[in-house]
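Quick notes on the structure that follows.
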Amino acid sequence: MTALRTFELPDSVSGTTVDRILGRQLVRTWETDGIFQVAATAEQDRTTGEALAASRRFFAGSLPEKAKFVSDLTYSGYIASGEEVTAGEADYSEIFTVCPDVPLADTRVAEGWPCHGPVPWPDEDYRAAMKNYLHEVGEIGEKLLELVALGLGADLDQLTWLTRNGWHHMRVLRFPARSATTERGIGAHTDYGLLVIAAQDDVGGLFIRPPVPGEPRNRNWLPEESTAGMYQDEEPWHFVEPEPRVFTVFPGDILQFLTGGRLLSTPHKVRLATRERYTLAYFHEPSFGATVRPLSSEDGSDEYIHYGTHFTNMFTRCYPDRVTTQRIHREERLVTLDRLRARSLSG
């Protein structure tokens, strides 16, 4: 792959001819490359720098200190290196996950909704840096979904109605320098959500797999299928060269589901480099209670993804031993999730 295509987003999207042309360009680039870049504004670049700096400060702490920032209500918080496993093999990323910050007084917490609770912030400076960054990339996510909807020939709000009160979240990652024994950062996988917007520092280590004509791709949202480890050592994999003042953007599993496979969820993996690396992976998502159906269902099927169930299944599968997962099972919070799904389908 040559250098990634980089697009500048308009201040707003209203469905003009120019918007539709840009939307078609975004869709075509995903169909051929699986990824593109979005140019950052000066404000977006500033908040990205502050979020990366806050990440470095946090991860520089001792393991016992970082391990304090874990919750049994939410999957927000610290994840130690080796705690996450892809295709049966430990990954070497160190992570702080930021899910929606739901206060204890919120009725959803009181009613036992799984995955809902306050973020265990390390300190106020970290909270402010991450909240500012989430606001900036959230605006990017809404514009991109409007443009992509136009590019697919759908209405402007065909995708963004799903993301009202979206369960937007982020994984703040640190990768150590490679050692004599391993260069594995994260194994090959696709991301479970709708849209991925990532920022990386200047070190580099991200590889993506573009769409390959005729290549089978698993439907990661189905319990019997997984993309973990698929094509790990089979070409083609393309290195994503770090560039300043850009975000890398690619589709997740839900966009593949929504478009009937026209837009494939992009497989990616991370190799460790000669020095440590930091990155911010943001997921622009449907609301927790949203029921997602394909944009076109010509065969008359009634397939759907209930997002809250999908998110919970993915995290309980990834972190079976985490205190959050243990509490979900101990308090039978999946029963609450079943009620939410039934309510969504009947509404």
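The first residue of the sequence shown is numbered 1, and numbering continues consecutively from there.
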Task: Close side-chain approach of W167 to S287, heavy-atom, < 4.5 Å - done: no

- [ ] Compute the centroid of each ring, for Y282 and then for H284, and state whether the two points are separated by less than 6.0 Å.
- [x] yes

Task: Electrostatic pair E124:R127 at N-O distance under 4.0 angstrom - done: yes

- [ ] For residues V18 and I21, determine if any side-chain heavy atom of one lies less than 4.5 Å from a side-chain heavy atom of the other.
- [x] no

Open item on the list: Strictly below 4.0 Å, N to O, side chains only: are R171 and E84 in salt-bridge contact?
Closed with: yes

Open item on the list: Tell me the closest heavy-atom pair linking P320 and T325, and the distance in Å.
Closed with: O-CG2, 3.7 Å

Task: L73 side chain reached by T324 side chain, heavy atoms, under 4.5 Å - done: no

TODO: Answer yes or no: is there an ion pair linking E111 with R108, defined by an N-O contact shorter than 4.0 Å?
DONE: no

Task: Stepwise side chain to side chain donor-acceptor pair (under 3.5 Å) test for T160 and D157 - done: CA-CA 5 Å; T160 53; D157 62 352; 5.9 Å; no

Task: Distance-only polar pair, side chains of D253 and S265, donor-acceptor under 3.5 Å - done: yes

Task: Sidechain N-carboxylate O distance under 4.0 Å for E94, K66 - done: yes

Task: R46/E50 ion pair, N-O < 4.0 Å - done: yes

Open item on the list: Pair Q200, R277 - check side chain to side chain donor-acceptor pair (under 3.5 Å), show working.
Closed with: CA-CA 8 Å; Q200 59 177 331; R277 172 178 178 257; 2.7 Å; yes

Open item on the list: Measuring only between side-chain heavy atoms, which start at C-beta, is P176 closer than 4.5 Å to E276?
Closed with: no

Task: P267 side chain reached by R217 side chain, heavy atoms, under 4.5 Å - done: yes

Open item on the list: Ignoring hydrogens, what is the shortest heavy-atom contact between E31 and P211? Give both atom names and the distance.
Closed with: O-CG, 3.3 Å

TODO: Check for a donor-acceptor pair, side chain of N132 on one end and backbone N or O of A128 on the other, with a separation under 3.5 Å.
DONE: yes

Task: For the student: nearest non-hydrogen atoms of P242 and D201, plus distance - done: CB-O, 3.4 Å

TODO: Name all pairs fulfilling the ring pair (Phe, Tyr, Trp, His ring centres under 6.0 Å) condition that reach into residues 201-226, sequence neighbours left out, sorted by first residue then second.
DONE: F207-F239, W221-F257

Task: Single hit among V102, V119, V70 for side chain to side chain contact (heavy atoms under 4.5 Å, CB included) with S76 - done: V119

Task: E235 and R209 ion-paired at < 4.0 Å - done: no

Task: With sequence neighbours excluded, residues passing salt bridge (Lys or Arg N to Asp or Glu O under 4.0 Å) with D11 - done: none

TODO: For the residue pair Y192 and H310, categorise the inter-ring angle as parallel (less than 30°), tilted (30 to 60°) or perpendicular (more than 60°).
DONE: perpendicular

Task: Flag, side chain of S344 to backbone of L340, donor-acceptor distance under 3.5 Å - done: no

Task: Backbone of E43 reached by a side-chain donor or acceptor of T47 within 3.5 Å - done: yes

Open item on the list: For R262, is the CZ atom crowded, meaning more than 12 foreign heavy atoms sit under 6.0 Å from it?
Closed with: yes

- [ ] Using atom types as modelled and distance alone, determine if a side-chain donor or acceptor of D191 lies under 3.5 Å from a backbone N or O of G252.
- [x] no

TODO: Show your reasoning for whether side chain to side chain contact (heavy atoms under 4.5 Å, CB included) applies to L258 and L159.
DONE: CA-CA 9 Å; L258 272 167; L159 298 175; 3.8 Å; yes

Task: Reference residue H168; test side chain to side chain contact (heavy atoms under 4.5 Å, CB included); the match among L195, T163, V137 - done: T163

Task: Between F36 and W30, ring centroids under 6.0 Å - done: yes

Task: Check: Y319 and I79 side chains under 4.5 Å, non-hydrogen atoms - done: yes

- [ ] Using a strict 4.0 Å threshold on nitrogen-to-oxygen distance, state whether R184 and D91 make a salt bridge.
- [x] yes

Task: With sequence neighbours excluded, residues passing side chain to side chain donor-acceptor pair (under 3.5 Å) with R293 - done: D302

TODO: Tell me, yes or no, whether the heavy-atom count around E331 atom CD, taken from other residues, nucleotides or ligands under 6.0 Å, exceeds 12.
DONE: yes

- [ ] Assign the ring pair F59 / Y78 to parallel, tilted or perpendicular, where the plane angle (0 to 90°) is split at 30° and 60°.
- [x] tilted

TODO: Would you check if the distance from the ring center of Y92 to the ring center of F175 is below 6.0 Å?
DONE: no

TODO: Indicate yes or no for a side-chain donor-acceptor contact from E65 to the backbone of S62 under 3.5 Å, with no hydrogens or angles considered.
DONE: no

Open item on the list: Looking at D123 and D125, would you say the former's side chain and the latter's main chain have a donor-acceptor pair under 3.5 Å?
Closed with: yes

TODO: May I ask you to decide if the ring planes of H116 and W113 are parallel, tilted or perpendicular, using 30° and 60° as cut-offs?
DONE: perpendicular

Task: Donor-acceptor under 3.5 Å (E183 side chain, L272 main chain) - done: no

Task: Side-chain donor-acceptor contact under 3.5 Å, T16 with S14 - done: no

Task: Aromatic ring proximity, centroids under 6.0 angstrom, H169 and Y75 - done: no

